[in-house]
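Worksheet: one structure, shown below.
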Amino acid sequence: MSEKKFTTAEERLKSQEPQCGFGIFEICCRNCSMGPCRISPFDDGPKKGVCGADEDVIVARNFLRKIAVGASAHSDHGRAVAETLIKVARKEAIGYEIKDEFKLIKLALEFGIDVKDKKIEEIALKVGEICLSQFGQQEGNLIFTKRAPVKRQRIWSDLEITPRGIDREVVESLHRTHMGTDQDFYNLMKQAQRCALSDGWGGSMVATDLQDVLFGTPEPILGRVNFGVLKDDYVNIIVHGHEPLLSEMIVVASEDPELINLAKQKGAKGINIGGICCTANEILMRHGIPIIGNFLNQEMAITTGAVEVMVVDVQCIMASLPEIASCFHTKIITTSEKTKIPGAIHVKFTEENALEKAKEIIKMAIENFENRKKENVIIPESQIDLVAGFSYESIYYILGGRFRASYRPLNDNIINGKIRGIAGVVGCNNPKVSHDEIHIKLVSKLIENDVLVLQTGCSAIACAKAGFLDSVKGLNYAGKGLREVCEAVGIPPVIHMGSCVDNSRILMAATCVVKEGGLGDDISELPAAGAAPEWMSEKALSIGQYFVSSGIFVVFGVTWPTLGSKNLTKYLFEDIEKEVGGKWAFESDPDKMAELILKHIDEKRRKLGIDKARERILYDMAMRRELE
Ligand code: SF4
Ligand code: MSK
């Protein structure tokens, strides 16, 4: 790209440097027109905004606003899925169907719906309506918070941070950060926790569960990743963004024999679909569709010159795409009314017209194949195998077998020390650090030290490119104990659990481990931690906060948005732990990040009394008598 003089995110970052110090420390406020105000870190500068707000208030308000935006993105995604399920039940969404009736019925029973003698559509309608009601609910607790361990629910209730309604928490967060409303950083953080929890145990969980109902609950599946999955003799279509409502239909339409024939008539061997970002994770998990790359690969993918169409929906889509695409034959197609980009073609995509529009988009790609210039095509060869598609339900069956499904083997191997602990490593890429490097270094250090790593989002794609998700080669990077368990069960040491909204699967997996027994009564007692080593999006902050508020120690890399307030940072890095059992940390060096996580895991093991691996002793009769 440099040779061809394309500007990349990395170069645009350089043109922004030095970035504003007030912005980096979040000590600037533009919340009213008496401002913008800034707090000076120097003795002779202003210490208060025009309204009197100090750095604690300003930094806390900025932090809460970011969480509210992140939560709203995930939750709006969940809302769209609930609306689709309702339309499917009413037969208004052509092309969609209910793929996992078992999960639908399980959800119905969880919601107290009488399923006896009911048609599947009636049940789907009820489940969809209850999930949709969670967004506008004004009182009570979100229904999915009841899934958490009882001790956790009590902690939230005592602190009065159990989320009420998903939209309500976002709106209240915006209200509280309005000029002259909440001026107490601690109180603002209580709302930050409640808002983030409404994402993790609300909007994201709705999205994950209902996507499973509509598109199938993922089971381990083979896939491939990296630019080499683009094919120079096929029509290449990239799906990018987040919601599988679009990408699933593109996959269905790409199998239409008429369209495949049309592609052949135009000189291609067929239609090749590839994914970028979380949409990629969604269709990989359910169909084995290959992944081209993660967030920072999106611009590069176009410069291969081999992409006929890049179709996008919402979130993490760079505004630069149409400009880069204009140097090639590639068409950028936006599909959501929420995301339009000047220079892109807009094809309005709704649940009612989904299949028809998906076919229209594929036809556009096929027609565009003849405009591809051979001399522009450079497809890097690299590609590698991976295993993806681990839902918390599939982990049950893998570990315990069909008739003894359980988390027992996992808990036992944590207790006996073969698995030292569990880490959720998730999140984005950030051009402020070398692409994928921090993810890869951190995860390799963790698995080498027998920590089982659960992944989602762009982090999972980074580690897939490094080979950690290959069920055979991946084992070479694991420590002895972890390798032994993974070999016995037949899983890689790094478990791909899906997209950003699927971090709710990690919450559920942690809950399953607690409920299995032997590792304490709450998520906060588990030898477990979380990390987003290259985070950049506001969604990552919401995810991190709901993990902290669910009792997990979470480390973020690259940069940290509260350093401008000593009091707030101390609260988030230390004091919050006394209240919710989890806390934040910031560390940009991956080795030190791993050390923090290992130290935390070892401390939890010590508290559980499992810090020394227990040898299994076979008792003879004399020993048994002595016991009695
Ligand atoms: Fe300045 Fe206060 Fe207005 Fe923020 S809310 S811009 S600190 S006057
Ligand atoms: S896509 S939010 S860059 S993980 Fe979910 Fe990747 Fe982060 Fe977007």
Side-chain angles (χ1 to χ4, degrees), residues 9 22 26-40 46-62 65-66 69-74 77 176-183 188 199 204 207-208 239-244 247 275-282 284 291-299 312-318 339 424-431 435-436 438-439 455-464 496-504 506 531-544 556-558 564-565:
F22 294 103
E26 298 277 347
I27 40 178
C28 45
C29 177
R30 290 173 294 120
N31 291 8
C32 86
S33 73
M34 292 190 285
C37 302
R38 60 192 198 281
I39 304 297
S40 172
K47 295 287 168 222
K48 298 265 166 81
V50 178
C51 67
D54 62 11
E55 73 268 28
D56 294 342
V57 178
I58 290 176
V59 176
R61 281 198 305 220
N62 290 341
R65 279 195 171 199
K66 283 183 174 25
V69 174
S72 69
H74 282 153
H77 175 162
R176 286 191 191 212
T177 57
H178 184 275
M179 185 268 149
T181 310
D182 203 346
Q183 331 255 358
L188 284 159
D199 171 359
S204 281
T208 296
V239 284
H240 170 25
H242 278 80
E243 296 178 355
S247 49
I276 285 190
C277 276
C278 280
T279 273
N281 289 320
E282 298 278 4
L284 163 74
I291 293 191
I292 289 156
N294 47 6
F295 177 67
L296 279 182
N297 286 135
Q298 59 185 289
E299 295 178 305
V312 304
D313 54 18
V314 289
Q315 300 162 27
C316 305
I317 298 144
M318 285 200 193
T339 306
V425 183
V426 307
C428 326
N429 296 132
N430 190 318
H435 187 187
D436 292 343
I438 318 287
H439 291 297
Q455 291 214 282
T456 62
C458 291
S459 187
I461 302 174
C463 291
H496 183 301
M497 295 190 81
S499 64
C500 290
V501 291
D502 291 336
N503 283 307
S504 62
I506 301 184
E534 297 182 22
W535 77 281
M536 63 85 198
S537 87
E538 289 162 314
K539 291 180 291 171
L541 282 178
S542 177
I543 295 166
F556 267 38
V558 190
S565 160

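Atoms considered below: every heavy atom in the structure, side chains included; atoms not considered: hydrogens, waters and symmetry mates. Since the structure is predicted, the reported quantities are computational estimates derived from the model, not experimental observations. Both counts, for ligands and for their atoms, begin at 1 and track the order of listing.
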Minimum-distance protein heavy atom relative to atom 6 (Fe) of ligand 2: Cys458 SG, 2.2 Å

Euclidean distance, Ser459 OG relative to Ile438 CD1, rounded to 0.5 Å: 11.0 Å

Distance filter under 2.8 Å, centred on atom 4 (Fe) of ligand 1 - protein N, O or S atoms that pass it: Cys29 SG

Atom indices of ligand 2 within 4.0 angstrom of Cys277 heavy atoms, with elements: 1 (S)

Reference residue Asn281; test side chain to side chain donor-acceptor pair (under 3.5 Å); the match among His242, Gln455, His496: His496

Close-contact set for ligand 2 against Gly427 heavy atoms, below 4.0 Å: 4 (S)

4.0 Å heavy-atom contact, Lys539 with ligand 2: yes

Side-chain (Asp199) to main-chain (Ser542) donor-acceptor, under 3.5 angstrom: no

contact_flag Ser537 ligand 2 heavy-atom lt 4.0 Å: yes

Vertex atom 5 (Fe) of ligand 2, rays to NE2 in His242 and SG in Cys500 - rounded to 10°: 110°

Leu188 side, atom CG; Arg65 side, atom CZ - distance, nearest 0.5 Å: 10.5 Å

For ligand 2, the portion of Cys316 having any non-hydrogen atom under 4.0 Å away: side chain

Ligand-residue contact atoms, ligand 2 with Cys278, heavy atoms, under 4.0 Å: 1 (S), 5 (Fe)

CG-OG distance between Asp54 and Ser565, expressed to the nearest 0.5 angstrom: 7.5 Å

Residue portion contacting ligand 2 (non-hydrogen atoms closer than 4.0 Å) for Cys428: both

For Met536, atoms of ligand 2 separated by under 4.0 Å from a heavy atom: 3 (S)

Straight-line distance of Cys51 SG to Gln183 CD, nearest 0.5 Å: 6.5 Å

Subset of ligand 2 atoms that lie under 4.0 Å from at least one heavy atom of Phe295: 3 (S)

Interatomic distance, Ile292 atom CD1 to Cys277 atom SG [nearest 0.5 angstrom]: 11.5 Å

Crowding at CZ, Arg38 (>12 non-hydrogen neighbours, <6.0 Å): no

Shortest non-hydrogen contact between Leu541 and Trp535, atoms and distance: CG-CZ3, 3.7 Å

Spacing of CD belonging to Glu55 relative to OG belonging to Ser40, to within rounding of 0.5 Å: 10.5 Å

Closest contact, heavy atoms only, Ala280 versus Ile276: CB-N, 3.3 Å

